[in-house]
Amino acid sequence: GAGVSQSPSNKVTEKGKDVELRCDPISGHTALYWYRQSLGQGLEFLIYFQGNSAPDKSGLPSDRFSAERTGGSVSTLTIQRTQQEDSAVYLCASSHREGVNEQFFGPGTRLTVL
Amino acid sequence: GQQLNQSPQSMFIQEGEDVSMNCTSSSIFNTWLWYKQDPGEGPVLLIALYKAGELTSNGRLTAQFGITRKDSFLNISASIPSDVGIYFCACYNQGGKLIFGQGTELSVKP
């Protein structure tokens, strides 16, 4: 079946603009995660959704970052007033539920803030 | 906070050589995972380790969960060009979230 998909694959924006990144998880997966991967670094947890529960936002680096998950499926990560340090690859993953269930990753969105 | 220290940062090897990389931490973990990330793709799980001392193989890959639960290694035998990529170790932190090492970038010369 289809894996996790993300769009756009690349996004170039100007400093100060808002951006929206989209994630379509694997059908039936109740858990959805967003990570940020800066150049030459490992993945940094941003936010986690599980079913209809309130999201775990503990990894969001600032209040310019927010995310929604509509209908328990598609998720959108929004970055307001982008800064150059926001440039990174943003990865989405989904799993059957939280914990030791394998997380399946999308290909990521490469964000470049000029 | 809990951190994973992965080494080496990068490796340049000849096709056919064996590869070894490892992760260490000052914290104890109950699960060690190894992922591979191809260019332009998300990480893919290679091996999962759930028990201290466990040694698990997946084809040419072998990984071990350290007996102290603070470290793990991944070996790749007889490397081939398609082994190129970035390898990450990962563990679940106290909050149940995955934390990742900094990655080992592997380059294989034919």
Side-chain angles (χ1 to χ4, degrees), chain A residues 2-11 21 23-26 29 31-50 53 55-61 77 88-112, chain B residues 1-11 21-25 29-51 54 56 58 63 65 69 72 74 85-107:
Chain A
V4 177
S5 61
Q6 292 187 244
S7 61
S9 56
N10 282 283
K11 176 72 176 178
L21 313 179
C23 171
D24 283 86
I26 293 173
H29 280 189
L32 187 148
Y33 307 78
W34 282 98
Y35 295 87
R36 178 169 68 177
Q37 184 177 23
S38 300
L39 186 64
Q41 298 295 316
L43 282 67
E44 172 192 6
F45 166 77
L46 296 177
I47 188 169
Y48 155 70
F49 296 88
Q50 171 56 51
S53 302
D56 178 345
K57 305 178 182 180
S58 59
L60 294 179
L77 176 69
V89 175
Y90 290 83
L91 290 156
C92 173
S94 69
S95 69
H96 281 291
R97 66 177 193 274
E98 184 186 15
V100 297
N101 294 282
E102 180 179 354
Q103 294 184 24
F104 294 84
F105 286 83
T109 293
R110 180 175 295 279
L111 174 66
T112 302
Chain B
Q2 295 174 306
Q3 286 187 319
L4 304 180
N5 301 306
Q6 187 170 349
S7 65
Q9 189 172 10
S10 62
M11 302 182 74
M21 60 192 78
N22 70 85
C23 274
T24 62
S25 177
F29 294 100
N30 294 320
T31 302
W32 280 91
L33 308 174
W34 284 93
Y35 285 85
K36 183 193 178 194
Q37 185 177 28
D38 290 328
E41 300 293 330
V44 174
L45 183 64
L46 298 175
I47 290 181
L49 302 159
Y50 300 108
K51 186 177 178 181
E54 179 180 356
T56 297
N58 179 6
F65 189 151
R69 293 163 58 197
S72 176
L74 174 70
I86 304 176
Y87 292 79
F88 293 98
C89 59
C91 296
Y92 289 95
N93 68 8
Q94 292 172 334
K97 304 299 177 289
L98 268 182
I99 57 173
F100 288 79
Q102 303 95 324
T104 295
E105 185 168 9
L106 179 63
S107 300

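From a predicted model like this one, the values you see are computed outputs, not experimental measurements. The sequence lines fix the lettering, A, B, ..., with proteins before strands; numbering per chain opens at 1.
Summarising the geometry, atom CZ belonging to A:Phe105 is positioned 8.5 Å from atom CD belonging to B:Gln37; distances are rounded to the nearest 0.5 Å.
Contact annotation: the side chain of A:Glu44 never approaches that of B:Ile99 to less than 4.5 Å [non-hydrogen atoms, C-beta and beyond]. Looking at B:Phe100 and A:Phe45, their side chains never come closer than 4.5 Å, going by heavy atoms from C-beta outward.
Your options are A:Gly108, A:Gly106, A:Pro107, A:Ser9, and the one with the most heavy-atom pairs under 4.5 Å with chain B is A:Pro107. Contacts with chain A were tallied for B:Gly103, B:Pro43, B:Gly42; B:Pro43 has the most, counting heavy-atom pairs under 4.5 Å.
With a 4.5 angstrom heavy-atom cutoff, A:Tyr35 touches chain B only via side-chain atoms. When heavy atoms are compared at a cutoff of 4.5 Å, A:Leu91 approaches chain B solely by way of its side chain, counted from C-beta outward. Heavy-atom distances place the side chain of A:Gln37, and not its backbone, under 4.5 Å from chain B. Contact of B:Glu105 with chain A is not made at all, since no heavy-atom distance falls under 4.5 Å.
Partners of B:Ser7 under the side-chain contact (heavy atoms from CB on, under 4.5 Å) rule, at least two apart in sequence or in another chain, are B:Asn22.
With a 6.0 Å radius and a threshold of 12 heavy atoms from other residues, nucleotides or ligands, A:Arg110 has its CZ atom at or below the threshold.
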